[in-house]
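Here is the structure we will look at, set down as structure tokens.
The shown structure was predicted, so the numbers you read here are calculated from the model rather than taken from an experiment. Chain letters run A, B, ... following the sequence lines, proteins first and then strands; every chain starts at 1.
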Amino acid sequence: MSDTPTFSAPIGTRDVIGPESAQWEGLVSLFATLAHRYGFSLILSPLFEDVGVFHRGIGEESEVASKEMYVFEDRSGRRLALRPEGTASVVRAFVQHHPLTPFKAWYITPAFRYERPQAGRYRQHHQVGVEALGTDDPAVDVEVISLAARFYGALGLRRVRLLINSMGHDECRSAYVNRLGEYLASHVADLCDEHREVWSKNPLRLLDCKKDACVAVTSEGPMLIDHVCEDCRTHFVAVTEGLAAIGVESELAPRLVRGFDYYTRTTFEFVSDALGTAQNAIGGGGRYDKLAEQLGGDPTSGIGFGSGVERLLLARAAEGIETPLLERGLDVFVVDTTGHDRATVLVDTLRGAGFSVDRAYDQRSMKAQMKVADRSGAALALILGPREDEVGEISIRDLRGEGGQQNVTLTDLVAELTRRLSQ
RNA sequence: GUGGGCGUAGCUCAGGUGGUUAGAGCGCCAGGUUGUGGUCCUGGAGGCCGCGGGUUCGAGUCCCGUCGCCCACCCCA
């Protein structure tokens with residue numbers, strides 16, 4: 001060992017390695033497949049943006065924007081931030097490029113938040129999600145939620161519940177907030193210690209407080225869903241009826257107030273009952289009909305959702321689901337003890353023919369190479385030793401079953417492999 | 001930002017009240033089987049005991065600090 005300093009991944013971050021990365025690969029490809037089935041196309045956008053994108057988008061007052069963002073200056077003094085969530089960048093890209101609407105995009109992205117790490121909570125986590133801009137048709141709300149529900153189902157998750165609420169639009173919400181404020185003002189003394197002082201800053205947040213004191217007060221008070229305007233009410237009913245029509249169960253959650261300020265009308269959250277109470281949200285989203293304007297674009301409705309990859313995998317584990325999301329198996333593993341470059345040519349030929357192939361290196365003993373072959377998970381071992389070399393043949397050994405072995409000529413090899421691997 | 005638990009081999013962990021060459025299981029490597037993995041047997045490699053300081057004749061063990069991991073509050077994915 002040298003005395004060179006060693007490094008480990010920064011606090012709150014992790015490396016995804018080995019079998020776990022196969023889970024990720026499978027999850028992402030499953031999501032991509034579903035997103036395509038719903039008419040969404042992949043969008044790639046920068047991991048960092050002008051801080052204004054996030055401040056104007058998710059709200060300067062919000063917990064995430066005010067104290068959890070990774071903000072930095074680049075070498076020419078631009079104020080940038082690593083994205084704390086996926087939606088704002090997509091909407092910024094939409095505003096910048098004026099694509100045809102409806103614009104339906106899906107993404108997989110890291111998201112960065114400066115928080116204390118905890119079970120299911122990281123400073124860099126990853127989300128898959130979709131955004132649909134250009135329509136406020138309740139049908140698209142239903143589609144987005146349906147995609148999420150179908151995705152969780154395909155992952156094998158069963159202990160998932162959908163919570164849904166409406167935030168109303170600007171006017172009906174602010175009227176409600178005033179009403180809620182008045183109600184709270186007359187019950188300040190009964191609020192929890194923390195909120196007794198700061199309730200007026202953002203009365204909506206009180207609905208989300210889990211302290212008994214606040215719950216007792218707000219449960220007697222006005223609920224947003226009962227005070228949204230007629231249009232918002234109609235929209236909400238259309239969404240819930242649409243969900244019912246396609247068999248997606250939802251629970252009205254009048255206290256559901258999500259963390260970003262851009263939400264209007266439909267908001268929802270999927271929670272896993274397998275994850276306990278602390279970090280049980282596996283996905284969430286909603287409608288953001290003012291966001292495009294707030295980012296300098298024409299008024300454009302939008303809705304989307306994001307889902308945390310780490311939490312989805314944790315939820316799968318918590319439900320005891322052991323089915324791998326991706327089988328990472330090789331077709332063949334080449335063992336060569338001739339000491340020439342036979343293996344180099346052989347693996348290249350087979351890869352060119354479309355097989356997934358790996359081999360042993362460093363001219364190890366046959367026993368050692370066979371051990372590596374076994375560990376590789378390959379279906380078949382191709383053994384090339386002096387004996388085979390002499391007669392221009394190669395041994396095919398079954399690594400999955402009893403270990404039966406058969407010799408074929410090099411010219412017959414591809415045909416024989418094709419035959420055996422298609423069984 | 002606040003509080004609790006824990007840092008010993010690649011991994012999971014033992015190491016009473018300080019005492020000399022720090023252990024196990026698994027994994028890895030080699031051999032048993034002079035050409036054959038998955039079972040078995042034998043052997044081997046691999047540790048500044050997270051880091052820094054202190055107490056002591058002597059610290060993996062006690063004290064302080066620090067960093068990291070885990071968990072909870074909070075917030076969220």
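Residue contacts for A:G129: at a heavy-atom cut-off of 4.0 Å it reaches no nucleic acid atom on any strand shown. Across all strands shown, A:E63 has heavy atoms under 4.0 Å from sugar-phosphate atoms exclusively, and none from any base. Within the 4.0 angstrom heavy-atom criterion, only backbone atoms of the sugar-phosphate kind lie near A:A119; the bases stay farther away. The residue A:D398 sits close to a base: some heavy atom pair falls under 4.0 Å.
B:G47: no Watson-Crick or G-U partner with both key distances under 3.5 Å is found in any strand. Pairing for B:C6 is with B:G68, a Watson-Crick or G-U wobble pair whose two hydrogen-bonding atom distances lie under 3.5 Å. Base pairing annotation: B:U55 forms no Watson-Crick or G-U wobble pair, as no partner gives both donor-acceptor distances under 3.5 Å. Base pairing of B:A22: no nucleotide in any strand meets the Watson-Crick or G-U wobble criterion (both distances under 3.5 Å). Across all strands shown, nothing is found opposite B:A77 as a Watson-Crick or G-U wobble partner with both distances under 3.5 Å. In this structure B:U42 sits in a base pair with B:A30, meeting the Watson-Crick or G-U test at under 3.5 Å.
Residue A:R364 places at least one side-chain N or O under 4.0 Å from the OP1 or OP2 atom of B:C29. Under 4.0 angstrom from either OP1 or OP2 of B:G37 there lies no side-chain N or O belonging to A:R400.
Atom CZ of residue A:F31 and atom OG of residue A:S307 lie 7.5 Å apart, to the nearest 0.5 angstrom.
When the C1' atom of B:A77 is taken as reference, atom CZ of A:F31 falls 13 Å away, rounded to whole Å. Straight-line distance from the CG atom of A:D336 to the P atom of B:U36: 15 Å, rounded to whole Å. One can place CG of A:L207 at 13 Å from P of B:C75, the figure rounded to the nearest angstrom. Rounded to a whole Å, the NZ atom of A:K371 is 13 Å from the C1' atom of B:G32. Between the C1' atom of B:U36 and the NZ atom of A:K367 lies a distance of 10 Å, rounded to the nearest Å. Rounded to a whole Å, the OH atom of A:Y114 is 5 Å from the P atom of B:G1. In this structure, A:F7 places its CZ atom 20 Å from P of B:G50, rounding to the nearest Å. Look at CG on A:L314: it is 14 Å from C1' on B:C71, rounded to the nearest Å.
The base of B:G37 lies close enough to the side chain of A:R397 for a donor and an acceptor atom to sit less than 3.5 Å apart. Residue side chain A:Q405 reaches the base of B:U36 through a donor-acceptor N/O pair under 3.5 Å, judged by distance alone. Residue-to-nucleotide contacts include a donor-acceptor pair under 3.5 Å from the side chain of A:Q118 to the base of B:C74. Counting distance only, with no hydrogens placed and no angle test, the side-chain atoms of A:Q124 and the base atoms of B:A77 include no donor-acceptor pair under 3.5 Å. Within 3.5 Å, a donor on the side chain of A:R121 pairs with an acceptor on the base of B:C75, or the reverse. Contact of A:R311 with B:C76 (side chain to base): a donor-acceptor pair of N or O atoms is detected under 3.5 Å.
Comparing the C1' positions of B:G4 and B:U8 gives a spacing of 23 Å, expressed to the nearest Å. Rounded to a whole angstrom, the distance from the C1' atom of B:G23 to that of B:U66 is 29 Å. Distance noted for atom C1' between B:G65 and B:C71: 23 Å (whole Å). B:G44 and B:C70 have their P atoms separated by 37 Å, with the value rounded to a whole Å. Rounded to a whole angstrom, the distance from the P atom of B:C40 to that of B:G27 is 8 Å. A gap of 35 Å separates the C1' atoms of B:U55 and B:C11, to the nearest Å. Between B:A59 and B:G50, the distance separating the two C1' atoms is 16 Å to the nearest Å. Taking the P atoms as reference points, B:G16 lies 15 Å from B:C63, given to the whole Å.
Between A:Y262 and A:F260, the gap from one ring centroid to the other is short of 6.0 Å.
Under the 4.0 Å criterion applied to side-chain N and carboxylate O atoms, A:R92 and A:E49 are assigned as salt-bridge partners. A salt bridge links A:R287 to A:D289: one of the charged nitrogens lies within less than 4.0 Å of a carboxylate oxygen. Contact check on A:R161 versus A:D273 returns a salt bridge, with a Lys/Arg side-chain nitrogen under 4.0 Å from an Asp/Glu carboxylate oxygen. Between A:K371 and A:D374 there is no salt bridge, since no side-chain nitrogen of the basic residue lies less than 4.0 Å from a carboxylate oxygen of the acidic one.
Judged by distance alone, with hydrogens and angles left aside, the side-chain atoms of A:H235 form a donor-acceptor pair with the main-chain N or O of A:D136 at under 3.5 Å.
Taking the side chain of A:R375 as heavy atoms from C-beta on, and the options B:G31, B:C74, B:C28, the nearest nucleotide is B:C28. Checking B:A30, B:U36, B:C76 against every side-chain atom of A:A368, the shortest atom distance belongs to B:A30. Residue A:I11 places its side chain closer to B:C69 than to any other of B:C28, B:A77, B:C69. Relative to the side chain of A:F260, the nucleotides B:U36, B:C75, B:A77 differ in distance, and B:A77 lies closest.
Each of A:S365 and A:I383 has a nearest nucleotide on RNA chain B; the 5'-most of these lies closest to A:S365. Residue A:R116 is the one, among A:M370 and A:R116, whose nearest nucleotide of RNA chain B lies closer to the 5' end (criterion: closest heavy atom).
B:A77 has no stacking from A:H126 on its base ring, since the centres under 5.5 angstrom apart and planes within 30 degrees of parallel are not both found.
Using modelled atom types, one finds no donor on one side chain facing an acceptor on the other under 3.5 Å when comparing A:R265 with A:H169.
The aromatic rings of A:F268 and A:F305 are tilted relative to each other, their planes meeting at an angle between 30° and 60°.
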